[in-house]
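Structure first, then comments.
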There are 2 protein chains.
Amino acid sequence: MKDIKIIDVAKQADVSPATVSRVLNGSKLVNVKTRQRVMQVIRELEYIPNNMGKQLRCRKAMTLAVVVSDVLASYYAEIIKGIENMANSLNYRVLICDAQNQRQKELEFLSLLINHTVDALIMVTPSLSDEELSSYADDGYHLGVIGRKVENPRIPCSFTDNISLARDVVFHLAEQGHRKIAFLSGYMSATDSIKRLEGFIKALEEAGIPLEQSLIENGDFSEIGGYGAFKRLRSQRQDFTAVFTANDEMALGVYKACAELGISIPEQLVVVGVDNIRLTNYVVPRISSMEQPLYMLGSVLAEKLIDQMNGNRLADKRQFKLEAELIVKESSCMQI
Amino acid sequence: MKDIKIIDVAKQADVSPATVSRVLNGSKLVNVKTRQRVMQVIRELEYIPNNMGKQLRCRKAMTLAVVVSDVLASYYAEIIKGIENMANSLNYRVLICDAQNQRQKELEFLSLLINHTVDALIMVTPSLSDEELSSYADDGYHLGVIGRKVENPRIPCSFTDNISLARDVVFHLAEQGHRKIAFLSGYMSATDSIKRLEGFIKALEEAGIPLEQSLIENGDFSEIGGYGAFKRLRSQRQDFTAVFTANDEMALGVYKACAELGISIPEQLVVVGVDNIRLTNYVVPRISSMEQPLYMLGSVLAEKLIDQMNGNRLADKRQFKLEAELIVKESSCMQI
DNA sequence: CTGAAAGCGCTAACAA
DNA sequence: TTGTTAGCGCTTTCAG
């Protein structure tokens, strides 16, 4: 902790601090000879520029904050990795903010932007409305959103195409002859759930399969929710041959219910989930699932946000709609 | 982005910036009347102190960096959560650094400390030696380590008691009459693996069970490694009745091998792993496992490190050895 | 109890 | 090509 300062280097090299700064920042306006001398001194003194001084002077923290609902969810880990790797490669750092599923916390983290602790904030959380975020964005703060579409032209966003995601599932099932397909939704307040249901309905139409409201049941994205939803559904109807669950957790719940009810998968019932979590490969039969491009959602958005901060405000594309990929496994396919 | 500054507030309230600063920082040296007036102006102007200015002046970033080998590993997520929640509650922020399993990256992140981007660094990675870390700590930088014991008196550390962890497993097995217990290690370079093996050997002695070298086989903490290790072991000997794997991934490998070899668990072979990952509850039979206090490892260390930075350098306890907990499930217990 | 003034370490006009 | 100078926004002596 010697704490050499730029002035120390300057004196030792017999130049001004400005010149040292120029050398440090790779300015072309420095004599080669001088540059070498300064570099030499920098090495000798083991000088490391103090980032706080730089930040204040440049009014840039070179840091992004990412707000997630719960750092424990593996869903976020991949997104964070995407953001982190991209940010680091562009010389930015990443602050992690765990909102602990509390709207209040999400709001509090916004202060990191306002008090200039970070240059931009990425929300991967559902609580804050477009309007709330817009008021900040319109004030000139840099905000990005992952997981849903936002219409404010200042807010870049990346999200999965849930309509085509649902279509892929329905067509995969329809191709195998299924006509009675049930859908288990997540929270009805979640955009993801709404969009998947919407896509499901659209796809049925496209596939020429009549929509039956009684084949749609509410879950809540949890295993237990899926279990309950399936049981309720099954108590009403027994004629459906396939279930599309809005995520894999609910598919696990369906598995549990089927085990209890003596329904064999995929012979009597075919199941497809979303997220392709690791567990889907460890139950028998393995669960077919739609894999979201999580890493990409993170890296694409981070890149765009950083790009935008560095002046390319006019760059055209602001919304990144990425496609999920169907991973077919035994739960939805006899002949695999 | 109005960017009100302290001087603006000062003028408006007809006081000096110093007084505004005092109000902001809750100094007692302010007349109640003045304080109210200043507060009023702060609210009116919606003044938010600029953190960069504060950081530079106070020479504190109020930020910790956490370096992990791979943000995707669920193992780290819990530790990060522990650090994050504790840090936030003490008004610190957390920077996440993904070393991507590269030693070089770990080294690079140390620069965050040196250039004063963060006040302290927590290493949850294995690559850097005690000596390497010590040289920084001795220079006055604040470093903490999670996952292994470090002897430098300036470096606080938190880790699981692997000796007692292994003992708990061995005694659990011995109590059920097992005398031929196999051990599958992780990487031989990993402290965790070494300590668990050491604990295993010690515990056998304590339990009065003769040690048999041929019942110890090398794995590498991966499922495939566990699979291979078990196959090798089994090709040599068939008389053991229990396997203790250094982590759950390897236990999954054992499951796979047993399925192929027609060995039934727990009737013919009992299995115990470490980490109690979610998957252990979804295979049949569920895998008994030692659960590490990951959240605590993170929060305890963060608390200590922050405490230490704030002057309590003399506080006695520097090493936090926490106990793992045995979660008994069907893989190691017939009568469950 | 309050204010003036001096920086924290750095960069960027502006001059030379 | 280089140096001088003036801050970035804040806190904290030191006087009063």
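Given the structure is predicted, the values throughout are model-derived calculations rather than measurements.
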**Request:** Send over the distance from Leu24(A) CG to dA12(C) P, rounded to a whole Å.
**Result:** 12 Å
**Item:** Flag side-chain contact, heavy atom, 4.5 Å: Thr63(B) against Thr117(B)
**Value:** no
**Prompt:** Just wondering, more than 12 heavy atoms not from Lys81(A) lying within 6.0 Å of its NZ?
**Reply:** yes
**Asked** Residues two or more places apart in sequence or in another chain: which of them pass side chain to side chain contact (heavy atoms under 4.5 Å, CB included) with Asp161(A)?
**Response** Ile163(A), Ser164(A), Lys321(A), Glu323(A)
**Residues touching DNA chain D, which here means a heavy atom under 4.0 Å, drawn from residues 28-45 of chain A** = Leu29(A), Val30(A), Asn31(A), Thr34(A)
**Message:** Taking the axis from the first five pairs and the axis from the last five, what angle separates them in the helix from dC1(C)-dG16(D) to dA16(C)-dT1(D), rounded to 10 degrees?
**Reply:** 40°
**Side-chain donor-acceptor pair present, Asn310(B), Lys60(B), cut-off under 3.5 Å** = yes
**Message:** Whole angstroms only, please: what is the CD1-P distance between Ile7(A) and dC8(C)?
**Reply:** 10 Å
**Request:** Could I get the full list of side chain to side chain contact (heavy atoms under 4.5 Å, CB included) partners for Glu84(A), not counting sequence neighbours?
**Result:** Asn88(A), Val94(A), Asp98(B)
**Message:** Across nucleotides 4-9 of chain D, 5' to 3', mark each nucleotide with B, S or - according to how protein heavy atoms within less than 4.0 Å reach it.
**Reply:** B-BBBB
**side chain to side chain contact (heavy atoms under 4.5 Å, CB included) evaluation trace for Arg148(B) with Asp130(B)** = CA-CA 10 Å; Arg148(B) 69 168 199 266; Asp130(B) 285 21; 3.4 Å; yes
**Item:** Salt bridge present between Arg103(A) and Glu132(A) (N-O < 4.0 angstrom)
**Value:** yes
**Item:** salt bridge (Lys or Arg N to Asp or Glu O under 4.0 Å) between Arg154(B) and Asp139(B), intermediate numbers included
**Value:** CA-CA 10 Å; Arg154(B) 309 184 121 99; Asp139(B) 271 359; over 6 Å; no
**Request:** Starting at atom CG of Asp14(B), determine the distance to atom P of dA4(C), rounded to an integer number of angstrom.
**Result:** 11 Å
**Asked** Should we count CE of Met62(A) as having more than 12 external heavy atoms under 6.0 Å?
**Response** yes
**Asked** In chain order, what residues pass the side chain to side chain contact (heavy atoms under 4.5 Å, CB included) check against Ser74(B), with sequence neighbours excluded?
**Response** none
